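I have placed the structure first, in the form of structure tokens, so that the comments after it can refer back to it.
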Amino acid sequence: MEIRSLHGWDVNPSRAVEIQELLREKISLKDSSSLGKLRSIAAADVSYNKGDTTLYGAVVVVELPEMEIVEQRWAKGKVTFPYIPGLLSFREAPILLKAFAMLRRAPDAVLFDGQGIAHPRGCGLGSHVGLFLDLPSVGCAKSRLVGEHGPVGEDRGSYAWLVYRGKRVGTVLRTRAGVKPVFVSPGHRVSLRSATKLVLLTCRRYRLPEPIRLAHQLVNRLRREGR
DNA sequence: GCGACAG
DNA sequence: ATCTTGTCGC
């Protein structure tokens, strides 16, 4: 699929912050019309090698309603940026974009293992990569980066607003009774409402969305087998 | 200066 | 993220 080039990746942390502030203005929180006929959903994830600088990135595409895998691509590369809270996309996006570039067909939406706009500068991994792909994207993180929230109901589907600097930037969603909730936030071209519905829709028997679990399994398998 | 801090 | 076995519970 086509990848819109917005800037290179050879940057330092200071420059990365400037880039996020510029990208923030380009993010759309409106539902893309293409979400109406939502059919294929993709998810991307990254895995690292221990004392090495090798990393793997993968994207898995599934189709509703059964969510069977229709395509999957992966790439192997080297770490070029350190892990700094708030700058995760500069570490993981490059390898993920390589995998996305190999997709034959662009998915209708993409899920990311990280934050969308629930970020210090409103531009987390989900938003950053969503902008490059110019596709509806959603951030679904396992823990909090920024924002505050009240208690979350115990039933599946219960949620609390994630508020940051006086704005609702996401939801803390219980995707399964009895398990820790996930942090959902719009990436690009999706509303907070739709982002939350999309995550709940793709969560079946586990805490995380099925596409994300599949991408997670794929990169970990690649790392174990050292391919 | 101190505490927080996606993966 | 990664290092790691068993184990408590539905």
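In the text below, chain A, chain B and the rest are named by the order of the sequence lines, each starting its count at 1. Computed from a prediction, not measured in an experiment: that's the story for all the values here.
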Verify, without hydrogens or angle tests, whether A:R189 (side chain) and A:D134 (backbone) share a donor-acceptor contact under 3.5 angstrom.
yes
Touch class at under 4.0 angstrom, heavy-atom based, for A:L87 against every strand present:
base
When you check the gap from the basic side-chain N to the acidic O, do A:E21 and A:R24 get nearer than 4.0 Å?
no
Could you give me the CA-CA distance, side-chain angles and deciding distance for A:V46 and A:V219, then say whether side chain to side chain contact (heavy atoms under 4.5 Å, CB included) is met?
CA-CA 6 Å; A:V46 174; A:V219 288; 5.8 Å; no
Sorted by number, residues from residues 152-188 of chain A placing a heavy atom under 4.0 Å from DNA chain B are none
Any stem touching DNA chain C, meaning at least three consecutive Watson-Crick or G-U pairs under 3.5 Å, ordered by first number, would be none
For A:E210, the side-chain contact (heavy atoms from CB on, under 4.5 Å) test, sequence neighbours excluded, returns A:M67, A:R204, A:Y206, A:R213
Check side-chain contact (heavy atoms from CB on, under 4.5 Å) between A:P120 and all other residues, then give those that pass, not counting sequence neighbours.
A:L145, A:V146, A:Y164
Counting Watson-Crick and G-U wobble pairs whose two distances are both under 3.5 Å, find the runs of 3 or more in a row that involve DNA chain B.
none
Chain A footprint on DNA chain B, 5' to 3' - any atom under 4.0 Å from a heavy atom:
B:dA4 to B:dG7
Name each donor-acceptor pair under 3.5 Å that joins a side chain in residues 178-187 of chain A to protein atoms two or more places apart or in another chain, with its distance.
from	atom 1	to	atom 2	distance (Å)
A:K180	NZ	A:K142	O	2.8
A:S185	OG	A:G116	N	2.7

Worked verdict on A:Y48 versus A:E92 for side chain to side chain donor-acceptor pair (under 3.5 Å):
CA-CA 10 Å; A:Y48 304 85; A:E92 303 195 341; 2.7 Å; yes
Treating A:H188 as the side-chain partner and A:P136 as the backbone partner, does any N or O pair qualify as donor plus acceptor under 3.5 Å?
no
Return the set of residues passing ring-ring contact (aromatic ring centres under 6.0 Å, His included) with A:F132 (not counting sequence neighbours), or none when no residue passes.
A:H7, A:W9, A:H128
Polar atoms only, N or O, under 3.5 Å: list the protein pairs with nucleotides 1-6 of chain C and their distances.
from	atom 1	to	atom 2	distance (Å)
C:dA1	OP2	A:K142	NZ	2.9
C:dT2	OP1	A:S47	OG	2.8
C:dT2	OP1	A:N220	OD1	3.4
C:dT2	OP1	A:R223	NE	3.3
C:dT2	OP1	A:R223	NH2	3.4

For a 4.5 angstrom cut-off between non-hydrogen side-chain atoms, does A:F112 reach A:S127?
no
Under the 3.5 angstrom rule, does the side chain of A:S89 hit a backbone N or O of A:G124 as a donor-acceptor pair?
no
Residue pairs, two or more places apart or on separate chains, that pass salt bridge (Lys or Arg N to Asp or Glu O under 4.0 Å) and touch residues 49-73 of chain A:
A:D52-A:K78, A:E71-A:R73
Residues pairing under salt bridge (Lys or Arg N to Asp or Glu O under 4.0 Å) where one sits in residues 145-173 of chain A, two or more places apart or in two chains, turn out to be A:E154-A:R174
Could you pull out every donor-acceptor pair under 3.5 Å between side chains of residues 103-111 of chain A and any protein atom, sequence neighbours left out?
from	atom 1	to	atom 2	distance (Å)
A:D108	OD2	A:R39	N	2.7
A:D108	OD2	A:S40	N	2.9

Any side-chain to backbone donor/acceptor pair from A:T171 onto A:L173? Under 3.5 Å, distance only.
no
